Structure formats: structure tokens, C-alpha cells
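Below is one structure, written out as C-alpha cells; comments come after it.
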Number of protein chains: 2
Amino acid sequence: MARSLRKPKAAGRPPEVRPSAQQAENLRRSRRDRAVETAQDYVEAIADLSASLGEARVVDLARRLGVTHVTVNRTLTRLQQAGYVNTQPYRAIFLTDSGRKLADECKRRHQTVAAFLRKLGVSEKTAELDAEGIEHHVSPETLATFEKLLARR
Amino acid sequence: MARSLRKPKAAGRPPEVRPSAQQAENLRRSRRDRAVETAQDYVEAIADLSASLGEARVVDLARRLGVTHVTVNRTLTRLQQAGYVNTQPYRAIFLTDSGRKLADECKRRHQTVAAFLRKLGVSEKTAELDAEGIEHHVSPETLATFEKLLARR
DNA sequence: ATCAACATGTAGCCTATGTTACATTTCAAA
DNA sequence: TTTGAAATGTAACATAGGCTACATGTTGAT
């Protein structure tokens with residue numbers, strides 16, 4: 001009843017390599033994306049806080065992101081290595097040009113996704129909630145489609 | 001120029017507790033969701049492989065998910081603890097009732113999202129790619145909206 | 001000018017998810 | 001029936017992202 005562990009020499013399945021490989025690639029990308037999601041959430045939060053409070057501090061970021069200041073600290077170290085932020089001990093956090101650019105892209109994408117969902121009839125709260133997760137997985141093509149549909153009507 | 005580290009006693013910002021707290025909660029949820037994303041990807045893959053090959057084996061899963069068999073192995077251990085799969089050493093992997101139910105939900109959600117994107121005019125390939133990442137972040141309300149719009153027209 | 005309270009930093013621990021390298025088991029074929 | 005290649009399992013390591021507990025720095029108020 002159970003299939004053998006080894007596939008028979010010549011028999012085997014047809015070369016179903018493509019679909020599986022394609023899916024694997026999709027999932028791999030999906031995972032790889034996760035690595036940058038954090039960076040995006042951080043730079044976006046830093047940009048917002050800088051705009052509303054004049055500067056971004058560790059505690060504010062922690063509150064905003066829903067984590068402890070320790071997590072914020074460690075992540076900031078990596079973001080600095082990645083060239084997105086400038087930090088000095090006990091000082092406020094500033095975005096680099098690269099960080100600011102990323103933040104702008106993220107904000108725009110987030111707003112587009114949220115606006116699109118609202119336009120579809122999704123409630124304000126849910127749209128915001130879902131956009132938070134979805135925004136990181138929307139390709140340029142899909143984003144463009146959203147924008148086009150938002151412009152119409 | 002730099003704002004003080006401590007906020008002035010009474011002055012401070014207005015109780016901007018809500019927006020920030022809400023955002024933090026959204027992000028927290030977004031993160032929490034990640035924990036189950038893996039389970040969903042796995043049970044979905046197992047269901048598909050079982051359907052197409054008669055059973056799901058570790059190598060097939062690894063190929064399909066784009067990871068090594070080691071990662072698959074460890075994850076399966078946790079999925080078994082979570083009650084989604086049944087495994088025995090050197091044997092094929094089987095979904096429990098609970099696992100099958102989860103897989104069905106995921107598949108349905110994935111197909112809905114992909115179909116919705118295609119209907120918007122997104123290309124086949126991109127729709128599939130984006131759906132892979134988006135599906136895990138679509139709330140029941142948004143999914144229902146997608147389905148409603150798919151039914152129309 | 002002092003100092004207590006708050007912000008920030010550090011040490012150490014945990015889980016999830018990846019990896020490579022190597023050991024063990026299975027089974028189709030010689 | 002033997003056997004070797006493929007499948008599976010295990011050991012040991014790395015990174016990302018959480019946490020608590022504790023140490024250190026800063027500064028508004030006294």
C-alpha cells in the first residue's frame with residue numbers, strides 16, 4: 001500500500017519538476033521577503049514618528065511596533081549595518097537617504113493597499129489590519145493594478 | 001535641537017495612545033500569524049502531494065517548499081505535536097483530520113486570492129506569486145469581499 | 001548641583017527556521 | 001541475497017526575532 005521510498009528506475013512520475021519548482025521558488029521568495037519586512041516596518045515607523053514627534057526614539061518605536069526596547073535595539077543595529085538608519089548611543093534615530101526612500105515606498109504601498117481594500121467595501125479597521133500584512137507581498141504589478149482601479153470610478 | 005530624552009512632566013504629547021497602540025496590535029497580530037503560516041504551507045503541500053502522488057514524502061515536500069529535508073523533518077515534528085500530521089520514521093506523511101481541514105481552508109483561500117487578482121487583470125504568474133504571500137494575511141471579512149466580487153460580473 | 005525616574009544599553013535565554021555534514025534505513029536491481 | 005543509491009534521520013551550527021533581568025546614561029525637577 002505504501003509507496004516505495006525509492007522511485008522505480010525508469011517508471012516514476014512524469015517530470016512534474018516545473019510546477020513544484022515554481023511553487024518552491026514562490027515560497028522561497030515569500031520567505032526571503034520576510035527578511036526585509038522587518039526593515040520596512042521599522043523605517044516606516046521611524047519616518048512616522050519623526051514626522052509627528054520631531055524625532056524617533058527607542059521607546060516610541062517599541063510602543064509603536066509592539067515589542068520591547070531590547071528587540072528594537074538589536075534590530076536597529078542590523079538596520080544600521082544595512083545602511084537604513086543612523087544611530088548613536090542614547091540619541092534619537094535618523095533615517096539615511098536609503099532608509100527614507102524605503103520608508104516612502106512602504107508608506108505609499110501601505111496606503112494604496114488599505115485604500116483599495118476600503119474601496120472594495122472592507123471596513124476601515126479590517127482594511128488597516130489586513131494591509132499591514134498584505135503590503136509586504138504585493139508586487140509592483142499588482143500594486144499598479146490597485147492604483148489603476150483606485151483612480152477609476 | 002534634539003528633543004529631550006524624558007518627556008516634560010505634564011506637557012508631553014496628547015494621548016496618542018490609540019493610534020500607536022492600534023498599530024502595535026496590528027503588527028503584533030501580523031507577527032503572530034507567521035507562526036501558523038508555516039503550518040499552513042506544509043499541510044497544503046502535503047495535501048497536494050498526497051493527491052497527485054498518492055502520498056507525501058519528505059523529499060517531495062522539501063522540493064516543493066524549497067528547503068532541505070532537514071528543515072522539513074524538524075517542522076514535521078512540530079506539526080505532529082500540533083496535531084496536524086501523523087508521521088512514522090521512514091514512512092510517508094499523513095494529515096490528521098484537523099490537518100486536512102486546515103489544508104482545505106488554505107487551498108480555498110489561496111485559490112480565491114489568486115482568482116481575484118487574475119480577475120483584476122494581474123498576470124497569471126504574478127497572481128500566483130503574490131497570492132502565495134498574501135493569502136496568509138487575508139481576514140475572513142476581506143476574503144468574503146473577494147468572493148462576493150468574484151461571483152458578480 | 002543633586003538625584004530619581006525614565007531612556008537606553010547589555011547579558012543571557014528561548015523558539016523558529018535555515019544550513020552542512022554525517023549516520024542510518026529501505027528497497028530495486030544485480 | 002546481497003548491495004548501493006536514494007530517502008530519511010541526527011548533530012551541530014547560524015541568524016532573526018522575541019523575552020526578562022539588570023546595568024548605565026540623561027535630564028527635568030527639586
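A note on names: the letters A, B, ... follow the listed sequences, proteins ahead of strands, and every chain is numbered from 1. A quick note: this is a predicted structure, and the numbers were derived from the prediction, not measured.
- When rounded to the nearest whole Å, the span between CZ of R57(A) and P of dG9(C) equals 12 Å.
- A salt bridge is defined here as a Lys NZ or Arg NE, NH1 or NH2 lying under 4.0 Å from an Asp or Glu carboxylate O, and R63(B) with D60(B) meets this definition.
- Taking a 4.0 Å limit (strictly below) on heavy-atom distances, residues 71-85 of chain A reaches DNA chain D at T71(A), R74(A), R78(A).
- Counting only heavy atoms from C-beta on, P89(A) has its side chain closest to dG9(C) among dG9(C), dG17(D), dT27(D).
- The side chain to side chain contact (heavy atoms under 4.5 Å, CB included) test applied to A82(A) returns Y84(A), not counting sequence neighbours.
- Distance, D41(A) CG to dA16(D) C1': 14 Å, rounded to whole Å.
- In this entry the distance linking CD of Q40(A) with P of dG17(D) reads 12 Å, nearest Å.
- By the side-chain hydrogen bond (donor to acceptor under 3.5 Å, both in side chains) test, Q40(B) is found to be paired with R109(B), H136(B), residues two or more places apart in sequence or in another chain being considered.
- Side-chain contact, S123(A) with T126(A): a donor N or O sits under 3.5 Å from an acceptor N or O.
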Check nucleotides 20-24 of chain C against the protein and report each pair of N or O atoms closer than 3.5 Å, with its distance, or say if there are none.
unit_1	atom_1	unit_2	atom_2	d
dT24(C)	O2	Y90(B)	OH	3.2

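- For dC27(C), one of the phosphate oxygens OP1 or OP2 lies less than 4.0 angstrom from a side-chain nitrogen or oxygen of R91(B).
- With rounding to whole Å, R63(A) atom CZ is found 9 Å from dT8(C) atom P.
- Residues meeting the ring pair (Phe, Tyr, Trp, His ring centres under 6.0 Å) test with H137(A), sequence neighbours left out: H137(B).
- Residues passing the ring pair (Phe, Tyr, Trp, His ring centres under 6.0 Å) test with H69(B), sequence neighbours excluded: none.
- Following rounding to the nearest Å, Q88(B) (CD) and dG9(D) (P) show an atom-to-atom distance of 11 Å.
- Listed by first and then second residue, the salt bridge (Lys or Arg N to Asp or Glu O under 4.0 Å) pairs involving residues 129-146 of chain A amount to none (not counting sequence neighbours).
- As rounded to whole Å, 15 Å separates atom C1' of dG9(C) from atom CG of L61(A).
- Under the rule for a side-chain hydrogen bond (donor to acceptor under 3.5 Å, both in side chains), the partners of E147(B) that lie at least two apart in sequence or sit in another chain are R108(B).
- Between the CD1 atom of I93(B) and the P atom of dT8(D) there is a distance of 7 Å, rounded to whole Å.
- Listed by chain and residue number, R64(B), K107(B) satisfy the side-chain hydrogen bond (donor to acceptor under 3.5 Å, both in side chains) test with D48(B) (two or more places apart in sequence, or in another chain).
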